[in-house]
Amino acid sequence: MENNYGLSPAEIDTVQTINPELAAHNIALAYISSTANPEKLYKGEAVILDDVLSLSSQYVEAYNYAYNYVTHENKLIKEAE
């Protein structure tokens with residue numbers, strides 16, 4: 001049995017594009033949140049610079065990858081309409 005997530009067939013046929021900036025941010029944030037070890041970021045009151053720079057770099061890479069992917073998918077959806 002198919003799971004239609006409570007949607008009618010007409011609603012399922014309606015595919016919409018999503019905001020690539022917001023989607024990329026959410027994906028990158030989820031990725032960083034799932035891989036980061038917050039205990040390593042703090043040594044007393046001081047933030048360890050190398051860890052912050054590493055997380056920033058990982059976030060930027062994840063954001064860019066997700067942004068390009070979502071933009072590509074949005075383009076495919078628009079071309080199919």
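Note that the numbering runs from 1 along the sequence shown for the chain.
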Supply the atom-to-atom distance [X] [atom1] to [Y] [atom2], rounded to the nearest 0.5 angstrom.
X: Asn68; Y: Asn64; atom1: CG; atom2: CG; value: 6.5 Å
X: Ile32; Y: Ser54; atom1: CD1; atom2: OG; value: 8.0 Å
X: Thr71; Y: Leu76; atom1: OG1; atom2: CG; value: 11.0 Å

- [ ] Could you list the residues that satisfy side chain to side chain donor-acceptor pair (under 3.5 Å) with Tyr69, not counting sequence neighbours?
- [x]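 Partners of Tyr69 under the side chain to side chain donor-acceptor pair (under 3.5 Å) test: none.
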Open item on the list: How close do Tyr63 and Ala28 get, counting heavy atoms only, and between which atoms?
Closed with: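 Closest heavy-atom pair between Tyr63 and Ala28: N-CB, 3.6 Å.
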Open item on the list: For a quick test of reading the model, state the closest non-hydrogen atom pair linking Ile18 to Ala23 and the distance between them.
Closed with: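 Closest pair (atom of Ile18, atom of Ala23, distance): CD1-CB, 3.8 Å.
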- [ ] Indicate yes or no for a side-chain donor-acceptor contact from Ser34 to the backbone of Ala30 under 3.5 Å, with no hydrogens or angles considered.
- [x]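 Yes: the side chain of Ser34 pairs with the backbone of Ala30.
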Open item on the list: With a 4.5 Å cut-off on side-chain heavy-atom distances among I, L, V, M, F, W and Y, is there a chain of contacts connecting Tyr67 to Leu55?
Closed with: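 Yes, it is one cluster - the side chains of Tyr67 and Leu55 are joined through contacts under 4.5 Å.
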Open item on the list: If you count heavy atoms of other groups shown closer than 6.0 angstrom to OH of Tyr31, is the number above 12?
Closed with: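 Not more than 12 within 6.0 Å, no.
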